[in-house]
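What follows is a short report on a single structure.
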Amino acid sequence: MKALLILLVLPWSAHAQPSTDARALYQSGKYADAARLFSEEVEQRPNDAAAQYNLGNALYRSQLLGPAVASYLRAWELDPRDEDIRFNLDFALRKAGEGLYPDETPLPLFLAFHALSAREAEGLQWIFWWAMLLGGSLFIVSERRREALRVPLLALSLAWLCLAGWWGLLAASTPKDLAVTVAPRTELRNGPGDGYSVGFTAPEGRRVSILGEKEDWLEIGVLKEGVKGWVKKGSIEKV
Amino acid sequence: MIGSFLLALALSPAASADDVSVAARVDTDHVALNEQILLEVTVTGDRTDLPEPAMPSLPNFQVYSSGRSQNVTISGGKVQSTIVYSYVLVPRFVGDAVIPPITVEAGGKTYASTSIAINVGKPSQGGTPSGPPPSTPRANPTARRPRPSGGGNGAPDLFVTSKVDRPKAYVGQQVTLSVRFHTAVELLGNPEYVPPATQGFLSEDLPPLRNSQLTDRGRIYYYTEIKTALFPLEPGSSPIAPAVVRAQVRQDAAVDPFAPDFFQKFFSQGLLAGQTRELKTEPIAVQVLPLPEDGKPSEFTGAVGRYRAKAAVSKTNAQVGDAVDLIVTVEGEGNLRTAGDLKLPQMDSFQVYDTVTSLSLAKKNDVVTSVKTYKTVLVPKASGAVRVPGIPFSYFDPSAQKYVQLETEPIDVQVAPGAARPSASIGTTAPAPGVVAVASDIRYLKESAGAAWVSALTGLTTRRLPHALPLAALVLCVGLSAMREQEARDPRGQRARKALLRAKESIHASERARKGGRHDQAATLLAEAVQHYLYDKLGPDAAGMPFHKALELMHRRHPKIGEERLSSLRGLWDELEGRRFAPRSANQKTEQALADAAMGHLEALDRELRS
């Protein structure tokens with residue numbers, strides 16, 4: 001229980017307001033310097049969606065589309081309900097030739113499914129997990145409270161089941177090793193080496209999943225087109 | 001003289017119809033044989049891709065291109081382009097000559113200038129500073145008529161040479177071809193120069209011609225040097241075909257004054273009879289290197305040389321909807337004729353229209369320099385301070401063998417709101433104006449940190465091991481519950497299992513009573529501890545049974561209990577009975593010993609029962 005309390009309290013205590021210096025630099029058009037300061041904020045508060053979003057903005061203005069998309073993706077993963085984050089992520093992804101919203105899925109359904117991020121769904125299901133199991137323990141040991149606990153316990157169990165299922169679906173729909181191309185023209189080779197021919201090229205800012213690794217080379221799959229190939233490690237950034 | 005150009009041609013009649021015109025003018029219509037004429041051909045039209053004029057056959061002149069300049073204006077959405085082509089004409093013969101109409105093909109129509117009459121006189125004494133390649137070199141006006149000088153060493157009367165300034169060059173790098181025509185004899189007129197075929201090169205003449213003299217193998221030669229700038233288009237080995245020079249020299253046939261046909265020959269050949277000599281240069285191969293792929297910037301469009309770039313706008317204060325010209329000028333050494341369009345960065349604050357380009361070429365000190373101007377009309381979409389970002393431009397510097405990336409300075413434009421359009425009439429129910437999409441861009445920074453509960457919730461996912469705690473609690477509770485149920489189902493067995501525990505509690509209670517001075521109660525509790533132990537173990541069958549009987553029943557049920565243990569218990573019981581009913585005979589010490597003995601016997605008996 002103490003560990004749980006620490007986990008709950010720590011993020012609150014570490015919460016701070018964004019740097020005014022970084023904002024001033026951004027305002028004056030010094031986007032690279034602003035990105036450096038926003039990056040420091042992200043290091044201090046890695047679970048702050050706003051910090052990731054602001055970093056993405058500064059990177060985008062610095063003409064670094066790939067790193068900007070990576071930052072927006074991190075922000076979206078932290079807070080998928082934020083409309084600004086969704087807008088900028090979709091905007092940046094469209095610059096890279098894809099979009100956030102899949103064509104085949106109705107938008108309301110997509111938004112409903114992504115009302116929670118995988119991590120939020122996991123966090124919530126853990127809360128319900130604790131409540132359900134502690135309530136169940138009380139239900140077992142206390143005969144006189146059993147009647148009063150029966151309905152709430154049932155509701156808790158159903159809620160936990162839904163959240164756990166939601167978390168599982170979100171985790172399954174997100175590539176395990178998500179990354180973004182950060183080179184202007186990433187060449188996907190047919191093997192892990194310069195000697196292999198280039199099979200495809202991908203523009204900067206494309207979402208890819210890491211499929212394998214061999215020395216300085218990574219096997220990646222481009223999510224939109226479904227093609228795969230080998231790239232040098234520096235040409236993608238993990239999300 | 002240059003300033004007082006003589007307008008030789010007005011617009012052609014057909015030109016005005018289609019907004020295309022061609023005009024030609026010369027700087028003078030009287031020229032000496034050792035002078036030159038500057039011809040300018042101006043093509044004007046409402047398009048930027050105006051074709052080059054087709055030069056007619058000019059047998060009386062040697063023609064050299066000396067450059068071009070272009071000016072493009074955009075006004076009211078219309079483009080007006082003017083290209084001026086400059087040529088140097090070197091007369092070849094004395095007498096009257098005509099420059100025929102110069103034509104331009106545009107839109108399926110032919111536009112032509114009118115002809116220009118030129119009078120070529122005998123060579124002047126002084127010549128012009130930029131005189132053509134005459135038979136009388138400017139460097140030595142007194143030697144207008146070179147005479148044969150020696151020639152006994154096998155030195156030819158005429159010869160030509162050619163060379164390039166570099167045998168290897170990158171694609172787009174200037175290679176200067178020099179062709180020299182040497183003569184040691186008098187020429188009948190200026191020679192005709194046929195440039196070499198330079199397939200695979202972009203060719204630009206490099207006037208003026210150079211005239212000088214040198215001594216070779218004992219003969220004095222007067223030479224004329226013609227230079228041409230060549231720009232390779234493809235990598236590989238590109239050949240430069242031979243150049244041809246045709247010169248008319250005095251016929252060297254001897255006439256015998258004593259021959260019978262002397263007068264016939266004298267008058268048929270004449271003293272000035274000449275013959276044409278054709279001379280060719282050797283072909284030259286130039287190795288053309290490809291531009292390196294490593295480090296090639298994404299905005300590189302083929303510019304090779306050394307350039308600088310600058311950007312300007314036609315106005316820095318504008319209204320929404322105004323046209324603002326963005327003018328990017330790239331200039332420097334090299335030929336920008338083959339360079340592609342600029343890659344303009346994203347400018348979401350503006351409506352960006354097509355870019356029109358103009359190119360001017362100049363040739364100074366045998367180096368081709370270019371000025372390329374890119375004009376783009378920008379229309380601000382919304383009011384406020386908007387910025388035209390730096391425009392990137394890249395070129396390959398062959399001397400440094402690397403790509404150079406330039407970017408112009410950003411330009412700020414202050415845009416005021418556009419004039420509101422008045423409604424058609426007051427009182428009408430015109431539809432309310434809707435939201436108009438102006439520009440698409442990312443949204444602004446977030447002023448405050450993200451929701452704290454999101455961070456807290458996310459923090460729950462970092463360590464998963466603590467989440468096993470409630471499961472452990474539940475398992476514990478399930479165990480406890482199972483034990484309770486077990487007790488409920490088997491009270492006799494439960495009583496037997498807890499017999500020793502209950503006996504110990506009674507013994508401890510007895511000790512507390514004894515320490516409290518309640519000796520009778522202590523003795524009773526001690527006796528009950530032993531007796532109840534037996535009853536708990538034996539169950540309801542022993543209810544109301546005297547201690548000794550109960551002990552016998554215990555022995556029958558558990559024969560492995562030793563006789564010694566039984567007798568000890570009997571003795572203990574007797575002593576306890578005695579203590580209960582004669583308490584005054586006891587003292588503190590013996591009560592303690594009895595309690596210890598009871599505890600020891602019961603624990604030993606319990607071990608024997610469980611073994």
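So you know, we letter chains A, B, ... as the sequences are listed, proteins then strands, and number each from 1.
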Compare every heavy atom of A:Ile140 with every heavy atom of B:Ser481, then report the nearest pair and how far apart it is.
CB-CG2, 3.4 Å

What residue in A:Glu143, A:Arg61, A:Met132, A:Lys95 has the most heavy-atom pairs under 4.5 Å with chain B?
A:Arg61

On a heavy-atom basis, the closest approach of A:Ser137 and B:Ala473 is OG-C, 3.6 Å

To the nearest 0.5 Å, what is the distance between OG1 on B:Thr461 and CH2 on A:Trp126?
10.0 Å

Are any side-chain N or O atoms of A:Asn54 and backbone N or O atoms of B:Lys446, one a donor and one an acceptor, separated by less than 3.5 Å?
yes

Which bit of A:Asp82 comes within less than 4.5 Å of chain B, counting heavy atoms only: side chain, backbone, both or neither?
side chain

Give, as side chain, backbone, both or neither, the part of A:Tyr72 having an atom under 4.5 angstrom from any heavy atom of chain B.
side chain

CG of B:Leu445 to CG of A:Asn88: how many Å apart, nearest 0.5 Å?
9.5 Å

Measure the spacing between CZ of A:Arg23 and OH of B:Tyr444 and express it to the nearest 0.5 Å.
6.0 Å

By ring-ring contact (aromatic ring centres under 6.0 Å, His included) - contacts of B:Tyr395 (at least two apart):
B:Tyr307

Against chain B, label A:Glu83 side chain, backbone, both or neither, depending on which of its atoms sit under 4.5 Å from a heavy atom there.
both

Check each atom of B:Ser298 against the heavy atoms of chain A and say whether the ones under 4.5 Å are side chain, backbone, both or neither.
neither

Just wondering, do A:Tyr53 and B:Arg443 contact through their side chains at under 4.5 Å, heavy atoms?
yes

Has A:Trp130 got a side-chain atom pairing as donor or acceptor with B:His467's backbone, closer than 3.5 angstrom?
no

Given that the side chain runs from C-beta out, which part of A:Arg81 has a heavy atom under 4.5 Å from chain B: side chain, backbone, both or neither?
side chain

Counting only heavy atoms not in B:Glu409, do more than 12 fall under 6.0 Å of its CD?
no

How long is the straight-line distance from CG of A:Leu59 back to CD1 of B:Ile442, given to the nearest 0.5 Å?
9.5 Å

